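Here is the naming used below: chain letters follow the sequence lines, and residue numbers restart at 1 for every chain. Please read all numbers here as calculations on a predicted model, not as lab measurements.
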There are 2 protein chains.
Amino acid sequence: MQIVIIGSGNVAYHMAKAFRLKKIPLLQIFGRNGEELKKISEELDVPYSTEHLEDADLYIICVSDNSVENVSKIITKKDVLVAHTSGSLPKEILAGEYRKSSFYPLQTFSKSKELEYEKIPFFIETETEEDKQLLFDLASQISENVMESSHEKRKYIHLTAVFACNFVNHLFARAKEVSDSQDIPFDYFLPLIDETVKKIHEIEPKAAQTGPAVRNDVRVLELHEQLLKDESLAIYKTMNHSIQKMYEL
Amino acid sequence: MQIVIIGSGNVAYHMAKAFRLKKIPLLQIFGRNGEELKKISEELDVPYSTEHLEDADLYIICVSDNSVENVSKIITKKDVLVAHTSGSLPKEILAGEYRKSSFYPLQTFSKSKELEYEKIPFFIETETEEDKQLLFDLASQISENVMESSHEKRKYIHLTAVFACNFVNHLFARAKEVSDSQDIPFDYFLPLIDETVKKIHEIEPKAAQTGPAVRNDVRVLELHEQLLKDESLAIYKTMNHSIQKMYEL
């Protein structure tokens, strides 16, 4: 099977790297950003192009959601399988006469951060049983955790991931603003952060809640509000309100 | 040195346990909740009382912020050192004629979750050099990471911890509501969550941000808002607004 990856961002890079590590042949990485493609091409020893899309059996589109539809139009062959890697788009967004599918890896990808690909859950949706088998076989070479998922379910998986990953990271960024403002090294907080996450491997997050809001410690809540402003203050109030609603305080 | 721990909650339990593990003698755990004290006493083999407070050299008050002042009044001896474990209270909240101090462990404590005490940063504030040395020596038997901290700085340490731990845990709880609503096992998200945290050991959180808000993917943001309501919707909007402000989108 000949495979082409389309895109040069974080997902394209890690997808290509996972394939190379598992000795799955890649015919090409294709995209608009020649500079990024060249870097990936050199690191992973995969041919790249910004102009000529190779004839393949499977195209995996790894571009931002906004671009998937447009990018999908450059594939003009009919007897091929095309997959996108978006958590929120239906496979029908792919605008060609080929077989359509979704190949969604549930992970946060940054080029500079190595990953254990074996642990990444892959969610697959296809038009036919045959394609399902094909993508299952492919994903199973990368990951131990491959599942089928409808578009409806995938939307909620992606939404859950936004809370559990994107928003969590943003809280770390806002937390670091607070500690930076007092020259407190953010490293001090890493054992606490590690423990916060270790805990939910053993205890339900709802049962693991600690802090002033769940204790309804009004004095501390008021003190903290005085130390904050703007977006951080808005987050502080919104989160505390949500905690107090969840525990009916 | 004779030490008494006052309180029967998560902090009191783990403080007592850390002392026992390091063979630091504990004279007594004292508090109001006889049932909880009895459990701790039996597990850790430490005497407890709800009525008679033993004469000690050091009292460590491990109760909720709201109760520290009142509880501190039960210590009537003068030539003793008293410490509270609150992140946000000044040592002057302690209402007696004894020497006052703060002994703040930066961690999230749940009775049912074991901890590596060596990694917990301890922040200490005292009235005298002698007491500082005493609490440093004590904390250093438990942890590799003991520092001095003024009340002013400690307030910000605690506030940072609320963002990086309490709010992060609440995001996990709200995320789990979303996945539970579609019968998606929350375990699917653990590799993603683990990676989110591993990442910030290597990359600044601001540089590690991914997701629809930082990509300004308006279509996904609108789709997600339709899937949410009430507190979760409020969190979604507040967090996205804050992300977009941080990256000037």
Is the distance from the ring center of B:Y236 to that of A:F167 below 6.0 Å? yes

Heavy-atom contact with chain B under 4.5 Å, split by part of A:F109: backbone

Side chain, backbone, both or neither: which part of A:I120 has an atom under 4.5 Å from a heavy atom of chain B? neither

By side chain to side chain donor-acceptor pair (under 3.5 Å), A:E36 pairs with (sequence neighbours left out) A:K39, A:K111

Name the region of B:V162, side chain, backbone, both or neither, that has any atom closer than 4.5 Å to a heavy atom of chain A. side chain

Once rounded to the nearest 0.5 Å, what's the spacing between atom OG of B:S179 and atom OH of A:Y156? 12.0 Å

Could you look at B:K237 and say if it's the side chain, the backbone, both or neither that has a heavy atom under 4.5 Å from chain A? neither

Contact listing (chain B partner; residues 8-19 of chain A; heavy atom under 4.5 Å): none

Residue by residue, which of residues 238-249 of chain B have a heavy atom closer than 4.5 Å to a heavy atom belonging to chain A? B:T238, B:M239, B:N240, B:H241, B:S242, B:I243, B:K245, B:M246

For residues 197-211 of chain A, which residue pairs qualify under side-chain hydrogen bond (donor to acceptor under 3.5 Å, both in side chains), counting only residues two or more places apart or in two chains? A:K198-B:E116, A:K199-B:T108, A:K199-B:S110, A:H201-B:D194, A:E204-B:K176, A:Q209-B:N169, A:T210-B:T108, A:T210-B:N166

Toward chain A, the part of B:S232 with a non-hydrogen atom under 4.5 Å: both

Chain A contact via B:D183 - side chain, backbone, both or neither, heavy atoms under 4.5 Å: backbone

Electrostatic pair B:E195-A:K119, nearest N-O below 4.0 angstrom: no

Let me know if B:E177 has heavy atoms under 4.5 Å from chain A in its side chain, its backbone, both or neither. side chain

Is it the backbone or the side chain of B:I235 that comes under 4.5 Å from a heavy atom of chain A, or both, or neither? both

Would A:F123 and B:Y188 count as a close aromatic pair, with their ring centres under 6.0 Å? yes

Let me know if B:D187 has heavy atoms under 4.5 Å from chain A in its side chain, its backbone, both or neither. neither

